[in-house]
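Start at 1 and go down the list; that is how both ligands and their atoms are numbered.
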Amino acid sequence: MHLAEARFNEKGYSTAKHVRISERDQEILVRLHFAGNQLDFSVHVVPLIDIKSLHLDELRRIAQPSYRAGQIADWLYQKRVTSFAEMTNLPHALRTKLADNLCFGKIEVVRVLGSKDTTRKFLFRLSDNNLIESVLIPASPALYGSPSDRRTICVSTQVGCAYGCKFCASGLDGWKRNLRANEIVNQIMAVEEESGERIDNIVFMGMGEPLANYDNLLRAIQIINAPWGIGIGARHITISTSGLAPQIRKLADQALQIRLAVSLHSASDEIRSRIMPVNRKYNLGALLDACRYFTSRKKQRITFEYILIAQVNDSDEQARQLAKHARAQEAKVNLIPYNRVEGLDWTQPSIDRQKKFLAILRSADVRAALRREKGDDIAAACGQLRLQTERGLAAPALESTG
Ligand code: SF4
């Protein structure tokens, strides 16, 4: 709980300690000092809703006549202003009303790291000081679906992650909170502004399990996809999940033609449960059933992501089982050699082993590709940069307690 403190002397207010409030439903302890006494009480604060979390019909309910909502969306997503005051074709009274009822959150760029292969990693600070990451991946052969010359952004959906996959940096410090829709949308806009490049492909594969933040994710996707919003086609948006079977089914019943990538990372329950605890809740049978339901509803192929980890999931037998699952689903397979994570012991298989694994898939008529994990030199695997930065920031404090 934050503490707001104010001291009064006989002449009245003397000093105050300001606190920054940003979290929803935050409680603040207020401490007043006066005439040698101290009075404590708590205040429950409900911050304003961020304007970039709203759909057009919601804006219409606030801004009348209804064409004003279109003008607001134009200021937000085409002209990309950063304050209500800049919306100069709106009447002053409406701008005041917006400012009184909504907020205009921004995310702050803390670090941008580029790598030799021009993958760029962005570390952002949210209004509550939490850190998240996005990665901008330059044009490469079609990762998910359509042929590409695309600039793909890998977006985070949570601060940290509760799913604890054993090979992943994002789960190392656990889950902190879900991102709100505006914080998801803002990653894309901030990367476009910072890089000067237009994004045309989005993968929800950054920090967090996207389907565990289903409502905010869907709300953000609707804004990203809408012609009045960022305007990126649904077929250029891919959600990657560690395997939340019920949410995959729910997504299948959504009208949007979004793509699905499933982080399989093992073709058997025994190994998968060892490296991905989510498999103990939704085993391969349940997951593959949900994938079948998704493909039947959407009439599109899904992608299996498979991180190749030496001596863990890279055997010929795993390749054969993976081929069986992929063929049954008509799924594509992306093989990704493991990207080292500080503090974890896993390594990637030799190039020969990687090629052999790929050859087994291809000989079984599976559409498969072997990808080099871009940005190894900038800690591009999800969650690494945030962890390094947070631990770096924490280090002096820990030393001083010594
Ligand atoms: S791989 Fe994805 S689901 Fe698993 S811990 Fe990392 S962020 Fe979470």
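If you number the atoms of ligand 1 from 1 as listed, the ones under 4.0 Å from a heavy atom of Ser242 come out as 3 (S). Near Cys161, meaning under 4.0 Å from one of its heavy atoms, ligand 1 places the atoms 3 (S), 5 (S), 7 (S), 8 (Fe). Annotation for ligand 1: atoms under 4.0 Å from non-hydrogen atoms of Gly164 are 5 (S).
Residue Asp345 qualifies as open at atom CG: its count of foreign heavy atoms under 6.0 Å is 12 or below. The local environment of CD in Glu58 is crowded, with over 12 non-hydrogen atoms from other residues, nucleotides or ligands closer than 6.0 Å. Within a 6.0 Å radius of NZ in Lys298, more than 12 heavy atoms belonging to other residues, nucleotides or ligands are found.
Atom 4 (Fe) of ligand 1 has an N, O or S atom of Cys165 under 2.8 Å away, backbone or side chain.
Residues satisfying the side-chain hydrogen bond (donor to acceptor under 3.5 Å, both in side chains) test with Glu192, not counting sequence neighbours, are Arg80.
Of the candidates Pro210, Gly208, Gly243, the one placing a heavy atom closest to atom 7 (S) of ligand 1 is Gly208.
At least one test fails for Lys332 against the ring of Phe304: distance under 6.0 Å to the centre or angle within 45° of the axis.
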